[in-house]
Every structure is written in C-alpha cells, then in structure tokens.
Protein chains: 2
Amino acid sequence: MTRTKNDLFLPDEMRLSEFAKALAHPARIAILKMLAEKNSCICGEIVDELPLAQATVSQHLKELKNVGLIKGEIDGPKVCYCLNTDGIAELRGLWANLEQKVTAKICC
Amino acid sequence: MTRTKNDLFLPDEMRLSEFAKALAHPARIAILKMLAEKNSCICGEIVDELPLAQATVSQHLKELKNVGLIKGEIDGPKVCYCLNTDGIAELRGLWANLEQKVTAKICC
DNA sequence: TAATTTTATCGTAAAATTACGATAAACGAT
DNA sequence: ATCGTTTATCGTAATTTTACGATAAAATTA
C-alpha cells in the first residue's frame, strides 16, 4: 500500500494517535490506574487523589470519556466512573499491531 | 504561569505519558511504521511520503528522537533514521504494565 | 422549600503543539 | 572553491492543551 502526498493518514493511525493523546498526560494515566486497581469509581475520590483542581480533573475525565477509555454513570448526585472495556480492547489491538511491527527490527 | 505539578506523579506515569505524547500525532505513528516496514531510513523518503513540509517532518523526527523511539545516523549529506530498540522496549514494558492493570476489569 | 453535596461547564490565561517558509549548515560532487 | 543536495534550525502564526476560579446544574437531605 503506497501512500502519496495527497493521502491523509490511515484511520488506524488516526485512531491510535487519539488514544495516545488521551494517555499523553500523567494525570490521565493515574486515573486509569486508579479505576483499574481500586475498582472505585466515584469522581470525588479521583479528585481527592490527584494534585489538581476539581475542574481540571473533570476536564481530564471528559477527555478519557470522549476517546472511549472510560464511562461515567450517574449515581445520585455523584458520578461513578469506570473503565470502558470496549475502548481499552480497541487500544490494545491498535497498539499490538504497531508493536508487532516495530519490535525486533534492526537498521542503522 | 500555569504550574504543572508533574513532579507529583509517579516516574512510570510520567515516562509513559511522554511516550504517549510522542505517539499522539498520526504522522509520528506513520514514521514509526515506515521505519519498521520498509527498513529504509533516509529522512528524504520520509518527507516524500508524508503530507507535510520538510521542516515539519524534521520537527516530528526530532520529537521521536528526543523521547528515545528512534535514532538518527548521519550518512554523508543525508541522515539515516531507524527505530531505537531500547526505547521501544521501554515503551512496551510500561504499556504492558498498564495494560495488564486495565484489562478485564468490571465496574459500573 | 431551602440548604448541601457533587460534578460539569464557562471564562480565561499561560504554555505547548503544529505547521511552514526562509535560512543555515553539512556534505559530496564538479 | 563553488554548486547542488539534504537536513536542521529559526522565526512566527494558528491552534490546542492545561489549569483554575467561579458558577451552573442536578440530586440528596434537612
């Protein structure tokens, strides 16, 4: 598959770069780890554990949600956040595909 | 100044977020794929295949090099770029660690 | 109903990213 | 030495990201 200068980037490249952008901040990685390790999803707990203001954490949660890595479920006045299995599986597949290509290659 | 309290995150979270930032643009993913698939590393070829100006591609190459995912070796007037096995291995490890945590978790 | 708790959104400012033309620097070839 | 080729860097503009206080919105509680 040759790509000329007029072509856009491939859909998989676009999608993986979106996921990467979502992981491109340590706070968002920390959030994913919290959701995975503690299995507790209340927004307030996440805010309490991060060295960031509530508004900032809310923004990070929104980005993770928009890209499909987490879900938010309203639970009374609170919001329960959790990992989005489908999005994570998609990311795993896209990365595995690239990882397989870039692993064990020798050039210079 | 918008202060970044990045020192309050864990080193692994910081490092993985740096790698993610490097992958957070489709052009840089495309570059890694090119280096892996074609095993040809001349900067000019990369410029020719991407829908971006030479200066912009050079900037992307610099970012990939700075984070440790590729290396550049001067070859006469040209530069031969190639994957950096060590950096890629480090990324694989960091991601595998997070992937293991976030996989197969159920919450909401 | 009013007050409280919880979270999202708005407004805004600083910083970083992305992009490109122009130019410099390095090298081989003439 | 000069020329053409190749790549990096500079300068700069537009856009995006990050951050936070203030405030709105939604649900619970008194």
Side-chain angles (χ1 to χ4, degrees), chain A residues 5-9 13-14 17-31 34-35 40-67 69-82 107-108, chain B residues 1-9 13-14 17-31 34-35 40-67 69-82 107-108:
Chain A
K5 210 156 190 170
N6 299 320
D7 289 334
L8 298 176
F9 296 103
E13 293 168 351
M14 297 287 297
S17 72
E18 285 174 14
F19 278 125
K21 193 181 295 184
L23 299 180
H25 194 293
R28 293 194 289 268
I29 292 178
I31 289 171
M34 284 180 57
L35 295 183
S40 71
C41 329
I42 304 304
C43 175
E45 296 182 34
I46 301 171
V47 171
D48 289 344
E49 291 214 16
L50 293 180
L52 296 169
Q54 180 267 325
T56 307
V57 173
S58 193
Q59 231 173 224
H60 285 306
L61 288 168
K62 191 180 179 182
E63 286 178 64
L64 287 171
K65 194 174 161 189
N66 284 343
V67 83
L69 286 173
I70 68 174
K71 291 185 290 188
E73 191 174 86
I74 295 169
D75 176 26
K78 308 181 181 181
V79 175
C80 176
Y81 279 101
C82 58
C107 175
C108 302
Chain B
M1 162 185 152
T2 12
R3 66 189 165 168
T4 8
K5 311 177 190 175
N6 274 345
D7 50 314
L8 297 177
F9 296 104
E13 292 167 353
M14 297 286 298
S17 72
E18 285 174 15
F19 278 125
K21 194 182 294 184
L23 298 181
H25 194 294
R28 294 194 289 268
I29 291 178
I31 289 171
M34 284 181 57
L35 295 182
S40 71
C41 329
I42 305 303
C43 175
E45 297 181 35
I46 300 170
V47 171
D48 290 343
E49 290 213 19
L50 293 179
L52 297 169
Q54 180 266 327
T56 307
V57 173
S58 193
Q59 232 173 222
H60 285 307
L61 288 167
K62 190 179 179 183
E63 287 179 65
L64 288 171
K65 193 175 162 189
N66 284 343
V67 83
L69 286 174
I70 68 174
K71 291 185 291 189
E73 190 173 89
I74 295 170
D75 177 24
K78 308 181 180 181
V79 174
C80 176
Y81 278 100
C82 58
C107 175
C108 303

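Order of the sequence lines sets the chain letters (A, B, ...), proteins ahead of strands, with each chain counted from 1. The shown structure was predicted, so the numbers you read here are calculated from the model rather than taken from an experiment.
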S.K.: Rounded to the nearest angstrom, tell me the gap between atom CD in E45(A) and atom C1' in dT7(C).
M.R.: 14 Å
S.K.: Let's test your reading of the model: under 3.5 Å, does the base of dA19(D) pair with the side chain of Q59(A) as donor and acceptor?
M.R.: yes
S.K.: Between A55(A) and K78(A), just flag the one whose closest nucleotide in DNA chain C comes earlier from the 5' side.
M.R.: K78(A)
S.K.: List the residues meeting side-chain contact (heavy atoms from CB on, under 4.5 Å) with V57(B), not counting sequence neighbours, and say none if there are none.
M.R.: I46(B), V47(B), L50(B), L52(B), L61(B)
S.K.: Can you run through DNA chain D from 5' to 3' and write each base as (, ), [, ], | or . depending on how it pairs? Watson-Crick or G-U wobble, both distances under 3.5 Å.
M.R.: ||||||||||||||||||||||||||||||
S.K.: Establish, with yes or no, whether the OP1 or OP2 oxygen of dA8(D) is under 4.0 angstrom from a side-chain nitrogen or oxygen of Y81(B).
M.R.: yes
S.K.: From the set dT7(D), dA8(C), dC20(C), return the single nucleotide nearest to any side-chain atom of L52(B).
M.R.: dC20(C)
S.K.: Rounded to whole angstroms, how far apart are CD1 on I70(B) and P on dT7(D)?
M.R.: 13 Å
S.K.: Could you check which of dA19(D), dA8(C), dT9(D) has an atom nearest any side-chain atom of K62(B)?
M.R.: dT9(D)
S.K.: What is the separation between atom CG on L61(B) and atom P on dA8(D), rounded to the nearest whole Å?
M.R.: 6 Å
S.K.: What is the distance, rounded to the nearest whole Å, between atom CD1 of I42(A) and atom C1' of dT5(C)?
M.R.: 13 Å
S.K.: So, OP1 or OP2 of dT7(D): does either fall under 4.0 Å of a side-chain N or O from S58(B)?
M.R.: no
S.K.: Any idea how H25(A) and H60(A) line up, ring-wise: parallel (<30°), tilted (30 to 60°), or perpendicular (>60°)?
M.R.: tilted
S.K.: So, is H60(A) close to the dT17(D) phosphate, meaning a side-chain N or O under 4.0 Å from OP1 or OP2?
M.R.: no
S.K.: For a quick check, tell me whether the side chain of Q54(A) and the base of dA8(C) share a donor-acceptor pair closer than 3.5 Å.
M.R.: yes
S.K.: Does the side chain of T56(B) get closer than 4.0 angstrom to OP1 or OP2 of dT18(C) through an N or O atom?
M.R.: no
S.K.: Taking for each residue the nucleotide of DNA chain C with the nearest heavy atom, is it K65(A) or R28(B) whose nucleotide lies nearer the 5' end?
M.R.: K65(A)
S.K.: For E63(A) and P77(A), take the nucleotide of DNA chain D holding the closest heavy atom to each; which residue's nucleotide lies nearer the 5' end?
M.R.: E63(A)
S.K.: Reading DNA chain D from 5' onward, which residue's closest nucleotide shows up sooner: V79(B) or A24(A)?
M.R.: V79(B)
S.K.: In this structure, how many angstroms lie between the C1' atom of dC27(C) and the CD1 atom of I74(B), rounded?
M.R.: 10 Å
S.K.: dT6(D), dC20(C), dT18(C): which one has an atom nearest the side-chain heavy atoms of H25(B)?
M.R.: dT18(C)
